[in-house]
Amino acid sequence: MPLTPAQHQAVYAKGSVAVTAGAGTGKTYMLAQRYLHHLRDDGYSPLEVVAVTFTEKAALELRSRIREMIMQEMPDYPEILAELDAAPICTFHSLAAQICRDHALDLGLPPDFRVLDEVESQLWFEEASLKVLNRLPEPLYEQVPYHLLQASLPRLLDDPLSVQGALKHSPESWPALAQQLQEEILAEIVNHPLIQESLQILPQYSGRGKDSLEPARQQVYTALCRLQGGERSPQLLKILIERNFSRERGSKKNWTAGGLEVIRKQLKALRDLVKPYEAELNVLQLGELDEDLAQLLPPLQEAFNWIWRELQARKRGDRVLCFADLEVYALEALQDERIRREYGDRFQAILVDEFQDTNPTQGKFLRALSQQATLTVVGDEKQSIYSFRRADIQVFQQMRRQIQEEGGEEVALSLCFRTHPRLIEQINTIFRPLLKQLHQSLTSARDEIPETEPDVQVFCLPEAPTWPKAQKRAAEAYRIADLVQGWLNSGEVAAGEIAILARANAPLGVYAEALEARGIPIALAGGGSLLETREAKDAMVLLEAVCHPEDDRALVAVLRSPFFALSDRALLLIKQQTDGNSALTWWQRLQQVDWAALDCEAEEIPGISPVTVLGELRQLAREESPSRLLQQGDRLTGYTAVLANLPSCRRRLADWRGFREFVRELERGDGSLYSVVRRLQRLRAMEAAIPRLPLDASNAVSLMTIHGSKGLEWKRVILGDLSAKPSARSEGVLFDPEIGLAVRFSDDFEREGKPFLYVYLERLQRQREAQESLRLLYVALTRSRDKLVLTACEPEGGFLEQLQPGLEAAAIARSPWELPPEEELSFSSAPPPEPPPLGEILLRD
């Protein structure tokens, strides 16, 4: 495939280059060609060229693509292919780990350290942090609450350099920040269109006599005039907040026709505009909470540094490092000029993919590593959506500026190979007013344009105030299933060419049930934690029941699971048969029960006795691994055969396989049943997020989160649950390396509340989340090749509200969907219900 002019410019740039690659513009192909250029034209060996990606899968794909290109375009250089196998085409963490191993002695690390994956790191940290916190010097205990440290440590230690930078800022900067915040708030409000509108409307009407609303109108109008005239006082805004419009209602007889309603509406709109700023306005004058924070920060800094040193010493003793450690130690190594020069001599060119996903530590690491190398960074600020992994869009922006300042080039790839011209123009129009200066208009490389119009549709269910949210979501799923079935019946697309996306996992299960009810094949992607799936819970209670025979709760749970499928009636009969001795455990009851008699009374009794199965598994546990026990448990009970006949069987079977594979990973080291069960229980208690296995979606409708869809494409995309609002986060500690660190005071302190700096950082976080939310929308809407459908189960809110200016610019109207009959919403709007509490079975007669 020939290079486009922009791709050609990026591939053959003489020095360093920063590439902004819009959605579907062929960045991976361009990056591979750039790598080939360094080999063919610059004469570099693959051992002298570093290519960095963010996942092992992406690294394998890039290496494979480069190998194919070398075989096609450089067939006379077999030595290059041989060297390619050892070339540093890897993730950031793999590269950092290699630097740490090369210079372990310089860094004071054991040369044979092992890198903990995310799960192992969580388990290690949970155990080590308790021991370290218990040894914290007593003076620090007296000044820093234990629960604050315990709750915030995982997040603080995930980004230690940023925390250390934040703790260096002193309270002396707070008054200037408060003044800056005041100016920002006032500017936002004064420049709002409602203010100009109110300045025109409020003088047009007045109440006669002693009308109760007239003083409010006058006071608010005067405050607005003073703001408009340049006076910047928060007290003027508090006038709008503090007016009691329920008491100051006014009387129609004192106003000209319609005037009272107009003024009431305008004053209420003004108060609604200013009310969200109330918390920020209240902290502009620093007070007691700010003094408390200023006193807390020095011991908190001392405690954090002490804990960091203790944990690092323990890691050296255990010969382990986590991912964050690799970044910190690799950056530390590169501060040494001798080491930096060594890698400068070794690496002649460095290429980085998805650079918008880098965090500040990775950015510093890359700058130190590339001081003597030709640097190529490829990314797209509009697709930066991983702030929860510490990705910072500013790192890409700073690197672009640095490359330009040092004489490098900047190239924008804007020719899209994915989406047809009519749809790409609508996407441009939608995001131009939303992304503003971040927006990059794309053009389409496709010649064919589908005949089916419109290209973008927006459907909303009307308000159904008597329906609960779950029922509205089920109604939305019903209409989505209607739409997909119509497409499939008409032959316009195949199931594998359709994707349904959502911001979170919750609605995807509802959509899946609606599609399955129509017989439409689906592939519900991972999403959520593997440990929270029904299959993982079944497998865990089986292992617990085998490991701990006296655990009545685990045993009853596994009897009710698909392993044995005993009904509540059968369990009640077992209890009644063995009630002669109330001290019996359930394992003892099972051994005493008359199964033949029970079979006559309850048809649900399985063909093979649970005592026989569990007894055999307990014998096997002495010699076999836990993953092997799960395999044998399946063989003896037909568990997966049951799953194969349940709804979403492909997803359920994948979760069963995924859990077995996860258990096999936990068996490394101490693989005894007791140790593995203990690790699983700890992971459940920690609410660890374990990824689920993906499904093959080649012949099925794909259902996944927007984050999971990044880098993928389909002919038709449905973005659902648009009206849902993101869940609010409440964190005890907020920090920014350029601003400082703040604590929210709670029950652990003598007082409660948010000091100024916490409110300031909280506002900053909300702004960043709102911007990332727009970028998340951009990622979702650019997954489609031919057609986009946006749906919501409410007429407003969430993404729908954020998209509205763009939809208006593109002249895309919302279409109402009729509510389906309630009796047809037979599928559940939630995961399969949990069985009744085990206590009801364990205790009732």
Side-chain angles (χ1 to χ4, degrees), residues 18-25 27 54-55 58 352-360 362-363 377-400 412-414 416 418-419 423-424 426-442 456 499 501-505 704-713 717 719-729 736 763-784 788 790 792 797-807 809-810:
V19 182
T20 299
T25 56
K27 69 175 178 63
F54 272 82
T55 65
V352 187
D353 194 13
E354 302 288 4
F355 198 78
Q356 77 278 350
D357 295 331
T358 48
N359 64 52
Q362 290 168 341
V377 296
V378 183
D380 184 6
E381 294 158 284
K382 303 181 297 302
Q383 298 188 68
S384 179
I385 57 173
Y386 292 110
S387 63
F388 61 91
R389 295 181 189 164
R390 299 189 290 130
D392 188 344
I393 192 174
Q394 294 182 29
V395 178
F396 185 30
Q397 294 169 340
Q398 291 166 0
M399 183 61 75
R400 283 168 48 195
L413 304 185
S414 57
C416 177
R418 177 181 300 158
T419 309
L423 177 55
I424 206 71
Q426 284 196 291
I427 292 173
N428 286 336
T429 306
I430 290 171
F431 284 102
R432 194 172 288 116
L434 301 181
L435 296 177
K436 298 177 181 174
Q437 71 273 12
L438 210 62
H439 176 69
Q440 173 195 16
S441 288
L442 301 178
V456 182
L501 310 178
R503 185 176 202 152
N505 287 297
M704 63 179 66
T705 63
I706 301 172
H707 283 97
S709 74
K710 192 168 180 290
L712 304 176
E713 60 181 63
V717 170
L719 177 58
D721 206 33
L722 272 180
S723 54
K725 295 181 179 178
S727 55
R729 293 193 298 174
D736 185 289
R763 171 185 170 86
L764 195 63
Q765 179 175 278
R766 285 198 307 271
Q767 290 174 339
R768 289 171 177 169
E769 288 173 350
Q771 291 301 311
E772 183 167 276
S773 184
L774 291 173
R775 299 195 295 269
L776 199 61
L777 276 169
Y778 177 83
V779 169
L781 269 61
T782 52
R783 298 308 96 197
S784 177
L788 273 169
L790 315 178
F799 273 160
L800 203 58
E801 187 176 323
Q802 283 189 295
L803 269 175
Q804 191 55 37
L807 296 176

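Numbers here simply count residues along the sequence, with the first being 1.
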Side chain to side chain contact (heavy atoms under 4.5 Å, CB included) assessment of Phe54 paired with Arg389: CA-CA 12 Å; Phe54 272 82; Arg389 295 181 189 164; over 6 Å; no
Answer whether the closest heavy-atom distance between the side chains of Thr20 and Arg400 falls below 4.5 Å. yes
Rounded distance (nearest 0.5 Å) linking atom CG of Asp357 with atom CZ of Arg390: 12.5 Å
Under 3.5 Å, is there a donor-acceptor pair linking the side chains of Ser773 and Gln802? yes
If you count the non-hydrogen atoms of other residues, nucleotides and ligands that lie under 6.0 Å from CD in Gln398, is the total more than 12? yes
Between the main-chain N or O of Leu712 and the side-chain N or O of Ser709, is there a donor-acceptor pair closer than 3.5 Å? no
Return the minimal non-hydrogen interatomic distance between Gln440 and Ala412, and the atom names on each side. NE2-CB, 4.0 Å
Under the criterion side chain to side chain contact (heavy atoms under 4.5 Å, CB included), I'd like the reasoning laid out for Leu501 against Leu719: C-alpha separation, chi angles, the key distance, then a yes or no. CA-CA 5 Å; Leu501 310 178; Leu719 177 58; 4.1 Å; yes
Could you tell me the separation between the CG atom of Leu438 and the CD1 atom of Ile393, rounded to the nearest 0.5 Å? 5.0 Å
Tell me which one of Gln356, Gln397, Gln437, Gln394 satisfies side-chain hydrogen bond (donor to acceptor under 3.5 Å, both in side chains) with Glu381. Gln397
Note: Leu423 and Ser784 closest approach over all heavy atoms is CD2-OG, 4.0 Å
NZ/Lys382 to CG/Leu776 distance, rounded to the nearest 0.5 angstrom? 14.5 Å
Partner of Leu788 under side chain to side chain contact (heavy atoms under 4.5 Å, CB included), picked from Ile427, Ile430, Thr782, is Ile427
Salt bridge or not between Lys27 and Glu354? Use side-chain N to carboxylate O under 4.0 Å. yes
Pairwise side-chain contact, Asn428 with His439, heavy-atom cut-off 4.5 Å (strictly under): yes
Taking all atoms of both residues into account, what is the closest heavy-atom pair of Gly798 and Lys725, and its distance? N-CG, 4.0 Å
At their closest point, which heavy atom of Phe396 faces which heavy atom of Asp380, and how far apart are they? CE2-N, 3.8 Å
Just how far is it from atom CG of Asp721 to atom CG of Asn505, taken to the nearest 0.5 Å? 11.5 Å
Any Leu774 side-chain heavy atom under 4.5 Å of Leu435 side chain: yes
4.5 Å side-chain heavy-atom contact, Phe355 and Val19: no
Looking at every heavy atom in both Pro433 and Pro805, which two are closest together, and how far apart are they? CG-O, 4.1 Å
How are the rings of Tyr778 and Phe431 set relative to one another: parallel (under 30°), tilted (30 to 60°) or perpendicular (over 60°)? perpendicular
The reported gap from OG1 in Thr429 to CG in Leu434 (rounded to nearest 0.5 angstrom) is 11.0 Å
Knowing that exactly one of Glu772, Gln771, Arg768 qualifies, which makes a side-chain hydrogen bond (donor to acceptor under 3.5 Å, both in side chains) with Ser387? Glu772
Roughly how far apart are Leu790 CG and Leu800 CG, rounded to 0.5 Å? 8.5 Å
Looking at Arg775 and Ser384, what are the two nearest heavy atoms and their distance? NE-O, 2.7 Å
